[in-house]
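Below, read A as the first sequence line, B as the second, and so on, with proteins coming before strands; counting in each chain starts at 1.
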Amino acid sequence: MNPRAKELLDWYDHNARRLPWRTSPQARATGELPDPYRVWLSEIMLQQTTVAAVRSYFERFTSLWPTVYDLAAAPDAQVMGEWAGLGYYARARNLLKCARVVAFDMGGAFPCDPDALQALPGIGPYTAAAITAIAFDRPATVVDGNVERVMARLHDIHTPLPAAKLELTEKAAIVTPQDRPGDYAQAVMDLGATLCTPKNPACGLCPWRVPCRARAEGTAASLPKKTPKKPKPTRFGTVYLARRVDGAFLLERRPDCGLLGGMLGWPGSDWTEGEAPDHSAPIRAEWKTLPAEARHTFTHFHLRLIVRHALVPMDRTPERGSFLMPEEFRPSDLPTLMRKAFDLWQGAA
DNA sequence: TATCCGTGGAT
DNA sequence: TATCCAAGGAT
């Protein structure tokens with residue numbers, strides 16, 4: 001094994017984080033591999049998402065659906081509701097698609113090579129490599145944000161991302177060992193997450209402090225360089241929170257494509273820059289406007305949402321959405337933006 | 001290659 | 001308050 005990988009694995013043996021989707025150190029010592037289903041589920045949840053945010057979702061999902069068969073058999077609406085709040089909802093839609101392919105077309109067994117894995121919905125180059133290495137302990141080079149940062153610093157690479165991606169991937173591949181590839185993959189990411197952090201890296205504790213070129217040059221904290229991002233515009237819109245006299249709420253399922261796709265939400269206007277666009281209420285009622293608006297920031301724009309509300313008689317038929325009784329609807333099923341609107345309404349009542 | 005797609009915590 | 005950032009993928 002190359003000396004870099006050995007240094008890192010030695011560090012990992014003493015510093016590995018205990019995470020719900022990892023096997024215990026004792027089990028790992030006996031060569032026991034983690035359940036590919038749990039590895040896959042955790043990796044999908046961890047895409048662009050912090051460990052702290054994922055923990056409770058992972059526990060909840062594996063409790064509700066212990067196997068890929070259980071998840072494949074789950075209703076779409078329940079899975080989307082359980083994913084609510086975690087963001088990037090295409091992940092949840094692809095999660096179900098993938099579970100059903102694996103359960104119904106592959107006999108419940110995840111493929112063990114990167115190409116076959118990457119052919120599945122929601123699995124890209126990173127996730128395919130991660131599952132290959134972690135679940136099957138087969139050599140594969142994982143390149144996520146952590147690895148990019150670690151490699152940029154180790155080799156003092158100043159080319160900004162994403163242009164540097166290929167070079168960083170090559171550097172990562174050179175260090176990846178044939179032995180213990182699963183532990184190594186998790187070790188690099190643990191290093192990036194705990195020591196080689198974006199700000200204030202703990203270089204003094206790093207197992208690679210000696211070979212690290214950026215540390216020698218004093219450039220570690222400024223790497224990797226990234227091309228500047230565009231400023232976020234602000235969009236405006238209106239949502240309608242209708243409660244029927246029997247307690248039912250008027251909600252609609254958003255289309256699978258686009259923002260918050262597949263999620264439950266309050267009917268409303270489009271969201272546009274400048275003034276809110278023309279639109280009509282989803283049902284005839286005496287609408288009132290809440291004094292505060294719901295503010296939310298998405299990946300590429302800010303949103304300010306006017307929240308209107310009304311109590312609706314039993315005999316009205318909505319032009320959009322459908323009424324859900326309280327036992328059919330949990331506020332926790334809503335994506336965060338819609339949840340903010342609900343909380344504003346509830347706080348005003 | 002560039003854009004779209006969420007959210008919450010850290011700074 | 002504003003910005004950055006996290007175990008990325010799809011188009």
Listed nucleotide nearest any side-chain atom of A:Phe298, set C:dA6, B:dT7, C:dA7: B:dT7
Lys NZ or Arg CZ of A:Arg304 over A:Phe236 ring: under 6.0 Å, within 45°: no
Phosphate OP1/OP2 of B:dT3: any A:Lys230 side-chain N/O under 4.0 Å: yes
Touch class at under 4.0 angstrom, heavy-atom based, for A:Trp21 against every strand present: base
Sugar-phosphate, base or nothing in reach of A:Arg22, heavy atoms under 4.0 Å: base
Rounded distance (Å) that lies between atom P of B:dT7 and atom CG of A:Asp343: 13 Å
Under 4.0 angstrom between A:His300 side-chain N/O and B:dC5 OP1 or OP2: yes
Integer-rounded Å distance: B:dG6 C1' and A:Arg295 CZ: 19 Å
Touch class at under 4.0 angstrom, heavy-atom based, for A:Leu303 against every strand present: nothing
Inter-nucleotide P distance (C:dA7, B:dT3), Å rounded: 23 Å
Donor/acceptor link under 3.5 angstrom from A:Thr49 side chain onto base of B:dG6: yes
Ion pair check, A:Asp144 and A:Arg149, cut-off under 4.0 Å: no
Touch class at under 4.0 angstrom, heavy-atom based, for A:Gly192 against every strand present: nothing
Options C:dG9, C:dC5, C:dA7, nucleotide nearest the side-chain atoms of A:Lys226: C:dC5
Euclidean distance for P, C:dG9 against B:dG8 (whole angstrom): 22 Å
Check: A:Arg55 side chain, C:dA6 base, donor-acceptor under 3.5 Å: no
A:Arg149 vs C:dA6: side-chain N/O to OP1/OP2 distance below 4.0 Å: yes
For atom CD1 of A:Ile44 and atom P of C:dG8, their distance in whole Å: 11 Å
Side-chain N or O of A:Gln48 closer than 4.0 Å to phosphate OP1/OP2 of C:dA6: no
A:Arg28/A:Asp183 salt bridge by N-O under 4.0 Å criterion: yes
Distance below 4.0 Å between A:Lys199 side-chain N/O and B:dG9 OP1 or OP2: no
Whole-Å distance separating the CH2 atom of A:Trp40 from the P atom of C:dG8: 17 Å
Touch class at under 4.0 angstrom, heavy-atom based, for A:Pro335 against every strand present: sugar-phosphate
Whole-Å gap separating P (C:dG8) and CG (A:Leu117): 17 Å
A:Leu120 or A:Arg17, whichever maps to the more 5' nucleotide of DNA chain C: A:Arg17
Selected nucleotide, minimal atom distance to A:Thr127 side chain, candidates C:dG9, B:dC4, C:dA7: C:dG9
Residue closer to the 5' end of DNA chain B, A:Leu337 versus A:Ala163 (nearest nucleotide): A:Ala163
Integer-rounded Å distance: C:dC5 C1' and A:Lys225 NZ: 17 Å
Return all side-chain donor-acceptor pairs below 3.5 angstrom for residues 113-126 of chain A, not counting sequence neighbours, or 'none' if the list is empty.
| residue | atom | partner | partner atom | Å |
| --- | --- | --- | --- | --- |
| A:Asp113 | OD2 | A:Asp115 | N | 3.3 |
| A:Asp113 | OD2 | A:Ala116 | N | 3.1 |
| A:Tyr126 | OH | A:Glu43 | OE1 | 2.8 |

Parallel, tilted or perpendicular, as decided by the 30° and 60° cut-offs, for the rings of A:Trp266 and A:Phe342: parallel
A:Arg91 and A:Gln47: side chain donor to acceptor below 3.5 Å: no
Pairwise 5' ranking along DNA chain C for A:Lys232 and A:Gln118, keeping only the more 5' one: A:Lys232
Rounded distance in Å - CE (A:Met80) to C1' (B:dC5): 12 Å
Closest to the A:Tyr126 side chain, choosing from C:dG9, C:dA6, B:dC5: C:dG9
Short side-chain N/O contact to B:dG6 OP1/OP2 from A:His296, under 4.0 Å: no
Given C:dG9, C:dA7, B:dT7, the nucleotide with the shortest approach to the side chain of A:Leu46: C:dA7
Donor + acceptor pair across side chains of A:Ser322, A:Arg253 (<3.5 Å): no
Euclidean distance, atom CG of residue A:Leu264 to atom C1' of B:dG6 [Å, nearest integer]: 17 Å
OP1 or OP2 of C:dA6 under 4.0 Å from side-chain N/O of A:Tyr88: no
Any-strand Watson-Crick or G-U partner of C:dC5, both distances under 3.5 Å: B:dG8
Base of B:dG6 paired with side chain of A:Thr336 (donor-acceptor, under 3.5 Å): no
A:Lys288 bridged to A:Glu286 by N-O distance under 4.0 Å: no
